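Only one structure is covered here, and it is reproduced in the block below.
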Amino acid sequence: MMKRDNVTSMMKRVTIYLCGVLLVSLGIVLCKKCSLGISPVSCIPYVLEDCLPFSFGTLTIFFHLVNIVLQMILLRRFLNARLLLQVPLALLFGRVIDGFQRIVVFNNTLALNQWIALALSIFFTALGMVCMISMNLIQNPPDGLVRVISQKTGKELGKIKIGYDILCVAAAVIIGLLTSGKIRGMGAATILSALLVGRTVTWIKQAIARIKQ
């Protein structure tokens, strides 16, 4: 009976976790398609899509794999199971993102639609993050790198996350200038995603805690 309960519990956790992956991927695609800019963590794949013959989802995979390799280098662990499990997660994220890109269609020339898409993007991304984090299974590669840097430097996780986002935006700006001579992907969505996703995660967690009481 105990083993069956453990299997059932794990299946529930995996299901919730995968729902989180779907929600985060949907949030990323909505942010990309709202035409108000792109979130900091996605800005590098977004800019590279213009100059490389790969889809946004595939470039997201490459970006996540770089984050995994950097974690391995910092931790000096190249055959660590928890790190290696991030590889299939990166592949899943990329494929799901490309799937949603084909499915999600709306008129993004209307300002109302743009802002609704951005609001939904922030909410879905935050809700997906709550689903993934609360299940404590596999860490999203960019978040994993932020956590590793925080552990190695002894600095607060939130401050490292801010620095990471700034570095991603700076890299995207440089890539855009070098490849097309202009800055791409920066806008209201970049700023609002950076400011509001974390706060929305906190709000959702507090709402869930109140419901459970």
Side-chain angles (χ1 to χ4, degrees), residues 1-34 36-42 57 60 64 67 82 85-86 88-90 92-97 99-101 103-106 112-151 155-162 164-165 188-213:
M1 180 65 71
M2 185 62 71
K3 288 183 178 180
R4 184 178 297 176
D5 289 344
N6 289 341
V7 170
T8 302
S9 175
M10 178 56 72
M11 288 179 65
K12 287 181 179 178
R13 289 174 64 197
V14 170
T15 300
I16 293 172
Y17 183 88
L18 291 176
C19 287
V21 173
L22 292 174
L23 287 167
V24 171
S25 299
L26 177 58
I28 290 170
V29 172
L30 283 170
C31 189
K32 180 175 184 280
K33 293 204 170 191
C34 76
L36 293 171
I38 192 72
S39 61
V41 76
S42 298
T60 299
H64 281 199
N67 280 265
R82 290 185 70 87
L85 283 172
Q86 290 181 20
L89 175 62
L92 177 62
F93 257 118
R95 298 283 75 85
V96 173
I97 285 171
F100 274 130
Q101 285 206 110
I103 295 170
V104 176
V105 179
F106 61 93
L112 179 61
N113 289 352
Q114 291 176 329
W115 288 100
I116 289 174
L118 177 56
L120 290 174
S121 165
I122 291 169
F123 177 75
F124 287 144
T125 301
L127 181 58
M129 288 175 65
V130 171
C131 291
M132 293 177 67
I133 293 168
S134 60
M135 293 304 102
N136 194 29
L137 292 175
I138 308 170
Q139 203 155 34
N140 193 18
D143 294 335
L145 179 58
V146 169
R147 187 172 295 276
V148 168
I149 295 173
S150 175
Q151 291 171 351
K155 294 184 178 180
E156 186 184 339
L157 186 69
K159 291 181 180 178
I160 297 298
K161 173 60 176 170
I162 292 171
Y164 177 88
D165 286 347
T190 311
I191 298 170
L192 292 176
S193 293
L195 291 176
L196 297 180
V197 170
R199 288 178 171 82
T200 307
V201 166
T202 301
W203 176 79
I204 291 172
K205 284 184 175 180
Q206 291 172 346
I208 292 172
R210 286 195 295 268
I211 292 171
K212 287 181 176 180
Q213 288 178 351

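The shown structure was predicted, so the numbers you read here are calculated from the model rather than taken from an experiment.
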For [X] and [Y], which heavy atoms make the closest approach, and how far apart are they?
X	Y	result
Ile204	Phe123	CD1-CE1, 4.1 Å
Met132	Tyr17	CE-OH, 3.5 Å
Ile38	Ile28	CD1-O, 4.2 Å
Leu23	Cys131	CD1-SG, 4.4 Å
Val197	Ala126	O-CB, 3.8 Å

Point-to-point distance, once rounded to the nearest 0.5 Å, from [atom1] of [X] to [atom2] of [Y]:
X	Y	atom1	atom2	value
Phe93	Gln86	CZ	CD	11.0 Å
Leu30	Phe100	CG	CZ	8.5 Å
Ile191	Asp165	CD1	CG	12.5 Å
Ser150	Lys159	OG	NZ	10.5 Å
Leu192	Ser39	CG	OG	11.5 Å
Ile122	Leu196	CD1	CG	4.5 Å

Examine distances only and state if a side-chain atom of [X] and a backbone atom of [Y] form a donor-acceptor pair shorter than 3.5 Å.
X	Y	answer
Lys33	Gln101	yes
Tyr164	Pro142	no
Thr125	Ser121	yes

With a 4.5 Å cut-off on side-chain heavy atoms, are [Y] and [X] touching?
X	Y	answer
Leu18	Leu92	yes
Asn140	His64	yes
Trp115	Leu36	yes
Leu89	Gln139	no

Less than 4.0 Å between a side-chain N and a carboxylate O, is that true for Arg147 and Asp143?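 Here Asp143 does not pair with Arg147 in a salt bridge, since their nearest N and O are not under 4.0 Å apart.
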Worked verdict on Ser193 versus Leu118 for side chain to side chain contact (heavy atoms under 4.5 Å, CB included): CA-CA 8 Å; Ser193 293; Leu118 177 56; 4.3 Å; yes
Audit row: Arg13, Asn136, side chain to side chain contact (heavy atoms under 4.5 Å, CB included) steps and yes/no: CA-CA 9 Å; Arg13 289 174 64 197; Asn136 194 29; 4.2 Å; yes
